[in-house]
Amino acid sequence: MLGLLRTLSQSRSINGDAFESLSILIKNNRQADILVTNLLFRPMIVFLKPKYYRIFMQQYQDYSKFHMIVDKRLISKGMLMEEGAKWKQQRNLLGAHFEYNKLINLIPMINDVAQKKLANLPNEIFPAMNIASSITGEVVLKAFFGEDIAKLSLNGQDPSLCVTQLITRFGQLITESRFFQIKRALLEEKVFSVFPRKIEQDLYELNTIMLDHMKKAIKSRMEKLKNCKNIEHQDYLDVYLDVYLNKNDSMNPPITEDEILQQSITLYFAGTETTANLVTTACYFLAENQQLQEEVYQEILGVLNGEQIITAKHLQNLQKVTGFLMECLRLKPVAPMLISKQAQKDIYINDIFIKKGWYVNYMVLSNAQNNKYFSNPTQIDITRWKSDGTLNDSTIDPFAFVPFSAGGRNCIGQYLAIIESKIVISKILLNYRLKLNEKIKRAEWIAKITYGLSNQDYIKWETR
């Protein structure tokens, strides 16, 4: 019954990497088009070839998404999980905030946040995920919720660290606890109320704290907007609340307060965790490869030429930094598989029949490390990439590597993730020389809701 989830758990225990067993299986069976497993009680077809993904991503309206985060108070009504007309409405409302020309206006703020956060690390040995999520979390809050909300603490803690804790605990329960997996299969969202263990009670309480924190922030902003009719709507929350307060009668379907809450949590979770994972992976690979670190560092020095503030022009010229980050995504993608989807009707994807109720997914890792598309696929080669993040080899199938998905439901935040990661990695290397902590013998790559390093002290931060 545990199927895919059990495979990830066993692989982490045996290999120190949740996806290593699947990667080996696929590597040894390159002729295979699909991997067949199960997700809880139902069959699951995982596509391995670009020709299937090309069709699958065009048929998204024929599937519903599997709710990995069981607590439906959090993100079930946000853009990541919504379907149909509501998803299209949300995408249209948010789309303008993620256009490149608008995102580059955030670059000075990202510089400022990264510089301040990196100025005084508490110790020489310190988890990269902690500092990365602290930076990315504050950037998301300031960019989409405003300075006033960004200043709020969560029970005296940095809210970004709470997000990291929450997602890590969810991932551990989903992939490593047989008891929780069986309860989840039988009870779905009631899993937290029937025979809850302490870890489940603590997680539910942390969810509640996060919800209350965001509710208060949204209510405060709503009152501010009600009392100030001429306010200039600049961030996501202002725009969403303006529509809710003043234009909701014309919205079909209408916007609800619960939707605004869950959309806000979706943006905060996704914007904090995914980019922080990429930055953490990048730090680890740089610490592991000192020659590569020096090469990237020298490029940063040359491009900035003594300037302290990284600009959009600088980012365009950081070709090695871009290539390196794309290699991080290729080798350790934040999302090695997509969110599993359940077929709403009998359907064919090319020559593969999918029965109504079956789950379908695509393995991003299957081709990202396939020597048919990438020579020496297990090695970092930053020369594969152009400065805009596209491959130098135009003959490679574009669907062979889709770290941000593709088609109509691709990742809306992909440009922000790359802009932010390039700035943060550049700031890190300008201030610190990264080395591996020799006391930790093996890195652990875990399946949370995302995929990345466990939150340990892998890196020594030596001031330059």
Side-chain angles (χ1 to χ4, degrees), residues 60-61 63-99 102-103 106 137 140-150 152 159 163 166 189 207-274 339 341 344 405 408-416:
Y60 60 83
Q61 68 277 3
Y63 304 90
S64 61
K65 291 189 174 182
F66 175 74
H67 288 262
M68 287 290 289
I69 296 184
V70 195
D71 190 341
K72 292 187 177 180
R73 301 175 301 165
L74 295 175
I75 66 170
S76 62
K77 295 180 182 178
M79 188 171 59
L80 186 64
M81 302 306 299
E82 274 289 8
E83 311 283 349
K86 174 52 71 174
W87 170 79
K88 290 180 181 178
Q89 181 190 77
Q90 293 178 343
R91 182 91 177 196
N92 288 335
L93 279 172
L94 287 171
H97 294 277
F98 290 92
E99 292 174 357
K102 185 155 187 176
L103 291 174
L106 301 176
V140 169
L141 288 176
K142 286 186 172 182
F144 300 112
F145 301 92
E147 293 280 349
D148 53 340
I149 292 179
L152 298 176
V163 169
L166 193 154
E189 65 264 28
N207 295 350
T208 303
I209 291 170
M210 177 65 69
L211 283 162
D212 289 344
H213 170 76
M214 195 62 80
K215 280 180 185 176
K216 290 176 182 176
I218 292 171
K219 285 287 187 184
S220 174
R221 179 66 65 81
M222 194 181 297
E223 291 303 315
K224 183 177 178 182
L225 287 175
K226 285 179 181 178
N227 297 323
C228 186
K229 297 296 183 182
N230 296 320
I231 190 169
E232 184 180 353
H233 304 304
Q234 294 185 339
D235 56 51
Y236 139 81
L237 189 54
D238 280 346
V239 171
Y240 232 97
L241 288 175
D242 177 52
V243 172
Y244 174 71
L245 292 172
N246 303 313
K247 305 169 187 174
N248 212 15
D249 289 344
S250 63
M251 302 300 289
N252 185 24
I255 294 171
T256 65
E257 287 191 27
D258 197 31
E259 176 191 337
I260 296 171
L261 173 64
Q262 295 201 31
Q263 189 74 282
S264 298
I265 292 174
T266 297
L267 282 175
Y268 190 34
F269 277 21
T272 298
E273 173 72 8
T274 54
I339 297 174
K341 297 175 178 64
Q344 297 300 294
S405 191
R409 294 209 63 153
N410 66 348
C411 174
I412 196 172
Q414 58 185 293
Y415 295 126
L416 177 60

Yes or no on side chain to side chain contact (heavy atoms under 4.5 Å, CB included) for Leu94 and Gln263, after CA distance, side-chain angles and deciding distance?
CA-CA 10 Å; Leu94 287 171; Gln263 189 74 282; 3.9 Å; yes

Quick one: does Glu83's side chain have a donor or acceptor within less than 3.5 Å of a partner on Ser64's backbone?
no

Closest heavy-atom pair and its distance - His67, Ser76
CE1-CB, 3.6 Å

I'd like to know if Lys215 pairs up with Glu257 as an ion pair, taking the criterion as any Lys NZ or Arg NE/NH1/NH2 lying under 4.0 Å from an Asp or Glu carboxylate oxygen.
no

Under a 4.0 Å threshold between the charged nitrogen and the carboxylate oxygen, would Glu82 count as salt-bridged to Arg409?
no

Counting only heavy atoms from other residues, nucleotides and ligands, does the tally under 6.0 Å from CG of Asn92 exceed 12?
yes

Over all heavy atoms of both residues, which pair between Met81 and Ile75 is shortest? Give the atoms and the distance, please.
CG-O, 3.6 Å

Hey, what do you get for CE (Met214) to CG (Leu141), rounding to the nearest 0.5 Å?
6.5 Å

Do the side-chain N and O atoms of Tyr244 and Glu259 include a donor-acceptor pair separated by under 3.5 angstrom?
no

With rounding to the nearest 0.5 Å, note down the distance linking CD1 in Ile218 to CG in Leu261.
5.0 Å

From Asn207 CG over to Asp71 CG, what is the distance, rounded to the nearest 0.5 angstrom?
4.5 Å

Looking only at heavy atoms, the pair that brings Asp242 and Leu225 closest together is N-CD1, 4.4 Å

Minimal non-hydrogen separation, Arg221 against Asp238, with atom names
NH1-OD1, 2.8 Å

Do Met251 and Asn248 have side chains that approach each other closer than 4.5 Å (heavy atoms only, starting at C-beta)?
yes

Is it true that a side-chain atom of Ser220 and a backbone atom of Lys216 form a donor plus acceptor pair closer than 3.5 Å?
no

Interatomic spacing from CD in Glu99 to CG in Leu416 - rounded to 0.5 Å:
13.5 Å

Stepwise, does the side chain to side chain contact (heavy atoms under 4.5 Å, CB included) test hold for Phe145 with Val140?
CA-CA 8 Å; Phe145 301 92; Val140 169; 4.1 Å; yes

Whether Gln89 side chain and Pro254 backbone form a donor-acceptor pair below 3.5 Å
no

For Asp235 against His97, the heavy-atom pair lying closest together
C-CE1, 3.6 Å

Verify, without hydrogens or angle tests, whether Lys341 (side chain) and Ile339 (backbone) share a donor-acceptor contact under 3.5 angstrom.
yes

Whether over 12 other heavy atoms sit under 6.0 Å from Tyr415 OH
no

Output yes when a side-chain donor or acceptor of Lys65 lies under 3.5 Å from a complementary backbone atom of Leu80, and no otherwise.
yes

Looking only at heavy atoms, which two atoms of Leu106 and Ala143 are closest? And how far apart?
CD1-CB, 3.8 Å

For Leu237 and Ile260, run side chain to side chain contact (heavy atoms under 4.5 Å, CB included): C-alpha distance rounded to whole Å, both residues' side-chain angles, the deciding distance at 0.1 Å, then the answer.
CA-CA 8 Å; Leu237 189 54; Ile260 296 171; 4.1 Å; yes

CG/Asn252 to NZ/Lys86 distance, rounded to the nearest 0.5 angstrom?
9.0 Å

Among Phe98, Tyr268, Tyr240, which one satisfies ring pair (Phe, Tyr, Trp, His ring centres under 6.0 Å) with Phe144?
Phe98

I need the Ile265 CD1 to Arg73 CZ distance, nearest 0.5 Å.
9.0 Å

